[in-house]
Protein chains: 2
Amino acid sequence: MLDVAQSAGVSVATVSAVVNSSAPVSPELRSRIEMAIEQIGYKRNTIARSLKIGTTRTIGLIVADITNPFFTDVVSVIQDVLHRAGYAVMLCCNDEDTRLQDEQIDLLLDRMVDGLIIAPAGEDAHLSRILASTKTPTVLIDRLCDGVESDAVVLDNRRAVHDATAYMLNLGHRRIGYISGSLATSTGRERLAGYRAALDAEAIVFEENLVQIGNFREKDAYKAAMQLLIRADRPTAIFSANNLMVIGVMKAIRDIGLRCPEEISVVSFDDFPWADVFQPHLTTIAQPVQAIGEQAAQLLIDRLSGKEVEAPRRLMLQGRLIIRDSCRPVPIVTTRTTA
Amino acid sequence: MLDVAQSAGVSVATVSAVVNSSAPVSPELRSRIEMAIEQIGYKRNTIARSLKIGTTRTIGLIVADITNPFFTDVVSVIQDVLHRAGYAVMLCCNDEDTRLQDEQIDLLLDRMVDGLIIAPAGEDAHLSRILASTKTPTVLIDRLCDGVESDAVVLDNRRAVHDATAYMLNLGHRRIGYISGSLATSTGRERLAGYRAALDAEAIVFEENLVQIGNFREKDAYKAAMQLLIRADRPTAIFSANNLMVIGVMKAIRDIGLRCPEEISVVSFDDFPWADVFQPHLTTIAQPVQAIGEQAAQLLIDRLSGKEVEAPRRLMLQGRLIIRDSCRPVPIVTTRTTA
DNA sequence: AACCTTATTCGAAACGTTTAGAATATGTCA
DNA sequence: TGACATATTCTAAACGTTTCGAATAAGGTT
């Protein structure tokens with residue numbers, strides 16, 4: 001900028017004024033400066049600018065798993081609306097590792113992001129402490145975090161799996177296996193609560209050993225499903241608490257030699273774009289990814305643009321059960337296992 | 001930092017020395033300073049630091065589509081190794097939009113990233129110009145870019161689809177539909193070249209109208225596949241040049257009322273984690289995503305750590321044809337359509 | 001005791017911007 | 001013509017670090 005100023009024979013202040021159009025400058029100087037900029041190929045140094053004005057126009061986005069289509073979908077729309085609002089985004093993913101997550105938060109705060117959107121891998125002390133103490137506006141998505149009072153947009157997980165479970169019960173299933181996500185997450189707990197509530201509503205006793213932890217991951221879910229399937233009194237249906245895990249569940253079903261839906265029914269949280277083209281057509285709970293992303297971004301933008309700092313806002317959206325073809329009424333001849 | 005210095009009764013230079021352990025400082029002062037840091041809750045300002053030392057330890061990562069599992073897989077490993085090397089990454093995606101891509105490059109360069117990894121959406125003038133002029137080390141992945149001389153790691157696309165096509169020819173298919181990616185990308189062109197080469201090798205004449213452009217997207221691929229399928233002399237097999245597009249192809253097949261693989265065979269570029277559990281089990285070309293990510297990151301790290309700036313390095317990795325169950329020998333009774 | 005080393009610590013100048021307020025020029029009006 | 005308002009431009013002080021070279025202190029050597 002100094003070079004430009006000298007080349008155009010003006011002061012740096014004037015150059016700054018035209019670059020930011022922050023102050024009136026005469027047409028003559030303006031054009032001289034613009035020419036100099038063009039000729040020198042000047043690009044303003046955003047670092048120096050940030051240092052001075054104390055804002056980076058960058059927001060940090062942390063998600064647990066970028067390999068999960070649900071997250072990539074919402075990340076995609078978040079990026080889109082944030083970009084439109086003039087923000088860059090730094091995306092970090094931590095493979096559900098809370099230690100890594102803590103590092104990433106520090107790193108982003110370090111780099112002075114203006115805001116943070118987080119889908120927490122889990123609720124550890126560090127996260128709560130940081131979020132409580134930082135002045136950086138933060139919005140939580142997908143998962144809540146105990147003791148953290150901040151804006152958030154989440155799904156009505158309890159209701160969604162309640163509906164799905166009720167659907168299976170309605171089909172006559174009584175032994176429904178449940179592959180759970182990590183109970184260190186609010187989604188893990190809420191979804192399980194929905195399952196129990198649905199059971200309760202039908203006065204069916206909850207069996208501890210029908211729920212296995214799959215940690216939201218395919219590999220773990222495979223093992224978890226295996227536990228359920230090798231038993232003599234195996235369930236007639238399985239619910240998977242997210243998209244990655246249902247892959248593991250289906251692999252276990254295949255390896256055991258069962259056919260879905262003829263011999264075992266399956267419902268999964270999260271929809272797939274290909275769910276109605278590959279067999280079996282999975283019955284799923286679809287999340288409103290577009291809305292989640294848009295609202296999260298909007299919440300943050302509102303804070304950033306200095307609207308009055310009201311109390312934290314919590315948005316709760318509804319999921320939608322999409323019935324396809326991975327569930328069948330419970331077969332009459334289950335007596336084989338009961339006998 | 002000034003606060004810390006005053007609180008500990010030393011100069012800022014000394015504080016800086018202990019924060020960076022860049023100079024020897026007596027145990028006594030060190031502990032006094034550390035206490036002050038702890039007590040004040042001091043965090044060093046990375047922006048100011050970057051301004052001074054001219055390095056951000058951040059690298060920019062641009063991919064065309066974060067919704068594509070192939071990209072997310074390699075992004076995931078790139079982030080992993082870069083993080084381990086002490087770099088943060090800013091991830092941008094542009095939905096295959098070159099205009100947006102240009103903006104993103106400017107934005108990242110603006111923010112003074114130390115390096116760039118790009119999977120180019122397409123080859124426009126701006127990209128080439130920027131990459132040619134910038135001093136920022138850059139590595140291209142997945143796709144090359146005409147006239148850009150930089151490090152790159154790509155797949156041997158031509159060979160991979162040559163093999164896949166040969167496999168289909170071997171099964172007796174003579175009319176093989178080809179759903180192409182955008183020919184503005186090197187992958188789009190190379191893959192098509194592989195198809196033609198395989199045809200040539202068997203002395204089968206290339207039919208222009210068997211190839212339809214799907215732009216690497218599901219929606220476009222659906223339309224493209226429809227074009228192929230509504231014809232009287234429809235192909236007996238279809239090759240899809242990437243993962244997203246094969247979803248569209250399968251939807252078209254379903255909507256036309258055809259069964260795969262009984263009535264039409266399908267092979268796709270890019271593997272899916274669920275490919276061998278949902279029906280039909282897709283025959284695919286798997287890319288070595290782990291290796292691609294690792295090598296790309298390593299290439300960049302090498303440059304960044306000031307190894308001699310040799311000529312640009314081009315790494316070319318091999319794909320692997322995974323034969324499952326979406327291809328069958330061409331049925332004898334195709335005469336129905338030929339008659 | 002004077003001098004030289006060596007080890008610590010400090011002062012101050014960068015890095016490239018932004019921005020208040022001072023300075024200058026221009027035009028208006030009594 | 002002098003005073004004043006207005007419009008434009010400039011000077012210089014930040015922003016929070018890093019880092020070079022100078023200053024100081026302490027210990028060794030002759």
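The chains referred to below are lettered A, B, ... by the order of the sequence lines, with proteins before strands, and numbering in each begins at 1. All values below were derived from every heavy atom in this structure, side-chain atoms included, with hydrogens, water molecules and symmetry-related copies excluded.
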Name all residues meeting the side chain to side chain contact (heavy atoms under 4.5 Å, CB included) criterion together with [X]; count only those two or more places apart in sequence or in a different chain, and write none if there are none.
X        : value
B:Asp73  : A:Thr67, B:Val289
A:Leu107 : A:Arg111, B:Ala88
A:Ala85  : A:Tyr87, A:Ile301
B:Ala121 : B:Ala64, B:Asn94, B:Glu96, B:Thr98, B:Gln101

So, using side-chain hydrogen bond (donor to acceptor under 3.5 Å, both in side chains) as the criterion, who are the partners of A:Asp3 when residues are at least two apart?
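Here no residue qualifies.
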
The criterion is side-chain hydrogen bond (donor to acceptor under 3.5 Å, both in side chains); which residues satisfy it with B:Thr138, sequence neighbours excluded?
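In terms of side-chain hydrogen bond (donor to acceptor under 3.5 Å, both in side chains), with neighbours along the sequence ignored, B:Thr138 is linked to no residue.
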
Start and end of chain B contact along DNA chain C [non-hydrogen atoms, under 4.0 Å]:
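Here the contact window of chain B covers C:dT8 to C:dG16.
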
Going by an N to O cut-off under 4.0 Å, is there a salt bridge joining B:Asp302 and B:Arg313?
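B:Arg313 and B:Asp302: salt-bridged.
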
Rounded to whole Å, please give me the gap between CD in A:Gln6 and C1' in D:dC10.
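Answer to the nearest Å: 14 Å.
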
On the nucleotide D:dT18, are OP1 or OP2 found under 4.0 Å from the side-chain N or O atoms that B:Arg49 carries?
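Yes, such a contact exists.
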
For [X], enumerate each residue passing the salt bridge (Lys or Arg N to Asp or Glu O under 4.0 Å) test, keeping only those at least two apart in sequence or located in another chain.
X       : value
A:Arg57 : none
A:Arg44 : none
B:Glu38 : none

Which letter, B, S or -, goes with each nucleotide of nucleotides 19-24 of chain D from 5' to 3', with contact meaning a protein heavy atom under 4.0 Å?
B-----

For DNA chain C, what residues of residues 23-42 of chain B have any heavy atom nearer than 4.0 Å?
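Heavy-atom cutoff 4.0 Å gives B:Pro24, B:Val25, B:Ser26, B:Leu29.
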
When all nucleic acid strands are considered with a 4.0 Å heavy-atom cut-off, which category describes B:Val19: base, sugar-phosphate, or nothing?
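The residue B:Val19 makes no contact with any strand.
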
